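The next block holds one structure in the form of structure tokens; read it before the comments.
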Amino acid sequence: MLSQRFSYESFVQTSDRARLCQELEQVLTARVRSAPSPEEEGHRIAMELRELGHDLWSFDESTDLQVWCGNWANPTRPYELIVEVSYRDKEEPRTVSVSFRARTPHPAHH
């Protein structure tokens, strides 16, 4: 289970988001690299981050990539965590990239 220091509130309140993103990337990359199934580990990670308050939905999924981010159609929070889990093939190391950003309001449709 992921540490509470990676919770949504921790990201909102920290003065160094870049460092917190980097720490989370390191923890998640180590997990994905050691997992027997990186696809399943990506889903487990997303569920754990949801339990820590992040609004995460599978945005893009293929045989070598998962992208998790906030619900763009119905945003519930002013910020979102974006997690990309990449596991292309045996030659490419498995990686996880993490970013945390303010949502941009979508213009109203007329």
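Fair warning: this is a prediction, and the values are worked out from it, not measured in the lab.
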Can a cation-pi geometry be assigned to Arg50 and Trp57, taking NZ or CZ under 6.0 Å from the six-membered ring centre and within 45° of the ring axis?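 Judged by the rule, Arg50 and Trp57 form a cation-pi pair.
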
Tell me if the centroids of the rings in His54 and Phe6 come within less than 6.0 Å of each other. no

Side-chain contact, heavy-atom cut-off 4.5 Å: [X] with [Y]?
X: Val98; Y: Leu81; answer: yes
X: Thr29; Y: Arg94; answer: no
X: Arg33; Y: Pro93; answer: yes
X: Leu52; Y: Leu2; answer: yes
X: Leu56; Y: Ile82; answer: no
X: Gln4; Y: Glu9; answer: no
X: Glu23; Y: Leu20; answer: yes
X: Leu65; Y: Ser62; answer: yes

Donor-acceptor pair, [X] side chain versus [Y] backbone, under 3.5 Å?
X: Arg17; Y: Phe11; result: yes
X: Asp55; Y: Asn71; result: yes
X: Arg77; Y: Gly53; result: yes

Can you see whether Glu41 engages Tyr87 through a side-chain donor-acceptor pair at a distance of less than 3.5 angstrom? no

Asp16-Thr14 side chain donor-acceptor pair, cut-off 3.5 Å: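 No donor-acceptor contact under 3.5 Å links the two side chains.
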
Could you please spell out the steps behind the side-chain contact (heavy atoms from CB on, under 4.5 Å) verdict for Leu49 and Leu24? CA-CA 11 Å; Leu49 287 166; Leu24 182 56; 4.2 Å; yes

Is the closest basic N to carboxylate O distance between Arg44 and Glu48 below 4.0 Å? no

Tell me, with the steps shown, if Val32 and Ile45 meet side-chain contact (heavy atoms from CB on, under 4.5 Å). CA-CA 9 Å; Val32 170; Ile45 285 166; 3.7 Å; yes

Between Glu84 and Gln66, does a side-chain contact (heavy atoms from CB on, under 4.5 Å) hold up when you go through it step by step? CA-CA 6 Å; Glu84 293 182 37; Gln66 292 175 15; over 6 Å; no

As an exercise, state the distance from CZ of Phe59 to CD of Glu80, rounded to the nearest 0.5 Å. 9.5 Å

To the nearest 0.5 Å, what is the distance between CD (Gln22) and CD (Glu25)?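 It comes to 7.0 Å.
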
If the plane angle is over 60° it's perpendicular, under 30° parallel, otherwise tilted; pick one for Phe100 and Tyr79.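 The arrangement is parallel - the two ring planes meet at less than 30°.
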
Determine, using the 4.5 Å side-chain heavy-atom cutoff (strictly less than), whether Tyr8 and Met1 are members of one ILVMFWY cluster.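 The answer is no; the residues belong to distinct hydrophobic clusters.
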
Minimum heavy-atom distance between Trp68 and Gly42, given as atom pair plus value: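 It is NE1-O, 3.9 Å.
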
